[in-house]
Amino acid sequence: TFVYINDEFVDESEGKVSYTDRGYNFGDGIYEYIRIYDGNAFTAKEHFERLFRSAKEIGLNLEDYTVKSLTELIEELAEKNNVKNGGVYIQVTRGVAPRNHPFPEASTKPVFSAFSKSYERPYDELENGIKAITVDDIRWLRCDIKSLNLLGNVLAKEKATQSDAGEAIMHRDGIVTEGSSSNVFAVKDSKIYTHPANNLILNGITRRVINEIANELNIPFVEEPFDVEFLKSADEVIVSSTSIEVMPVIQVDDTFISNGTVGKITKELQKSFNNYIE
Ligand code: PDD
């Protein structure tokens with residue numbers, strides 16, 4: 001199995017990084033996770049544009065790369081590893097330097113790494129839905145940056161796992177923001193509600209695809225904050241991400257959504273999403 005580190009593909013046994021890498025010491029870096037369907041990187045342009053935005057927001061210089069070079073790179077990695085269906089994880093850190101909080105010298109090169117994995121779409125869950133719990137959103141105020149600092153997300157997801165739930169839906173003072181690794185949607189009276197794409201959530205690429213699909217289907221897509229009570233009284237609940245796509249949520253804490261079944265609008269979105277990735 002190959003991994004990509006800095007400028008080359010190497011065997012994973014040689015995929016080593018320094019103990020003073022700023023990603024390792026400070027979580028000082030950014031990442032993307034991109035789906036591979038049938039050998040093709042899905043919405044790669046959007047993912048890499050978001051990577052460049054994250055880089056800019058944290059003052060990380062990515063000038064050695066372009067959307068095109070990165071897309072070619074991950075498709076080459078997937079091909080080398082014979083990944084037909086799966087995903088590629090890529091991350092960039094602020095580089096290797098003696099541990100010291102301020103940015104290192106300008107000549108410090110970012111450390112770039114990527115790996116791929118094979119897996120099938122989560123057909124079972126897509127058909128039957130998952131359970132979610134609600135948790136406090138304890139994260140920082142720049143959740144729009146796809147940062148390597150995921151401790152708040154990790155603690156939330158672990159709580160979900162301990163509760164036999166597939167996702168933790170986070171809220172700030174009762175306002176639903178997003179999932180620990182997904183965006184959240186409530187369907188009510190045939191409208192789709194989701195948190196506005198501001199500093200409190202990651203503007204998911206799958207979220208944007210859902211927005212586009214909703215427009216095509218003439219389903220109102222309302223970007224307005226809503227609270228946990230609204231979520232629990234919704235007709236349908238959905239979480240979305242690159243890996244879980246358009247995922248129905250049939251239970252939130254102890255409340256069953258739509259009597260524990262997958263709703264009509266969710267199914268319509270899934271159907272269009274399937275066409276989208278073909
Ligand atoms: N996570 N919000 C958060 C906090 C996320 O971590 C993710 C994705 C999303 C959905 O974004 P997108 O649709 O672009 O995948 C929203 C990825 C999959 C991860 O961390 O592995």
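Order of appearance sets the numbers: ligands from 1, and atoms from 1 within every ligand. All heavy atoms count here, side chains included; hydrogens, waters and symmetry mates do not. Along the sequence shown, residues are numbered consecutively beginning with 1.
Aromatic rings from Phe230 and Tyr193 are positioned such that their centres are separated by under 6.0 Å.
Counting the atoms of ligand 1 from 1 in the order shown, those under 4.0 Å from a heavy atom of Thr206 are 12 (P), 13 (O). Residue Ser180 approaches ligand 1 through these ligand atoms, each under 4.0 Å from one of its heavy atoms: 4 (C). Within ligand 1, the atoms closer than 4.0 Å to a non-hydrogen atom of Thr242 are 12 (P), 13 (O), 14 (O), 15 (O), numbered from 1 in the order shown. The contact set between ligand 1 and Asn183, taken as ligand atoms under 4.0 Å from a residue heavy atom, comprises 10 (C), 16 (C).
Tyr33 CB, 4.0 Å is the protein heavy atom nearest to atom 21 (O) of ligand 1. Closest to atom 19 (C) of ligand 1, if we only count protein heavy atoms, is Tyr31 OH, 3.7 Å. Protein heavy atom at the shortest distance from atom 6 (O) of ligand 1 is Ser181 CA, 3.4 Å. Closest to atom 8 (C) of ligand 1 among all protein heavy atoms lies Lys146 NZ, 3.4 Å.
Closest to atom 16 (C) of ligand 1 by heavy atom, among Ser182, Gly204, Ser240, is Ser182.
In this structure, His195 and Phe226 approach most closely via the heavy-atom pair N-CE2, 4.3 Å. In this structure, Thr206 and Glu245 approach most closely via the heavy-atom pair CG2-O, 4.0 Å.
For the residue pair Glu278 / Tyr37, no side-chain donor-acceptor distance below 3.5 Å is found, with atom types taken as modelled. Counted by atom type alone, Ser118 and Lys84 present zero donor-acceptor pairs between their side chains at under 3.5 Å. Remark: the Ser233 side chain and the Lys188 side chain contain an N/O donor-acceptor pair separated by less than 3.5 Å. Neither side chain, Arg94 nor Asn25, offers a donor N or O lying under 3.5 Å from an acceptor on the other.
Within the 4.0 Å heavy-atom cutoff, Arg50 counts among the residues contacting ligand 1. Under the 4.0 angstrom criterion for non-hydrogen atoms, Glu32 is not in contact with ligand 1. Not a single heavy atom of Tyr89 sits less than 4.0 Å from an atom of ligand 1.
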Salt bridge (Lys or Arg N to Asp or Glu O under 4.0 Å) between Asp253 and Lys232, intermediate numbers included: CA-CA 9 Å; Asp253 296 330; Lys232 289 186 180 177; 2.8 Å; yes
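A salt bridge links Glu167 with Lys157: the closest approach of a Lys/Arg side-chain nitrogen to an acidic carboxylate oxygen falls below 4.0 angstrom. Ionic pairing of Glu46 and Arg50 is not present here: no N-O contact between side-chain nitrogen and carboxylate oxygen is shorter than 4.0 angstrom.
Remark: ligand 1 and Glu178 share an N or O pair separated by less than 3.5 Å (distance only, no angle test). Checked against a 3.5 angstrom limit, the closest N/O atoms of Arg139 and ligand 1 fall outside it. An N or O contact shorter than 3.5 Å is missing between Gly179 and ligand 1 by distance. In terms of polar-atom proximity, defined here as any N/O pair under 3.5 Å, Ser243 makes no such contact with ligand 1. Between Ser241 and ligand 1, no pair of N/O atoms sits closer than 3.5 Å. Between Asn203 and ligand 1, no N or O atom pair is found at a separation short of 3.5 Å.
Of the listed residues (Tyr31, Phe112, Tyr33), just one forms a ring pair (Phe, Tyr, Trp, His ring centres under 6.0 Å) with Tyr89, and that residue is Tyr31.
With a 4.0 Å cut-off on non-hydrogen atoms, Asn153 touches ligand 1 through its side chain and not its backbone. Contact annotation: for Cys143 versus ligand 1, there are no heavy atoms closer than 4.0 Å.
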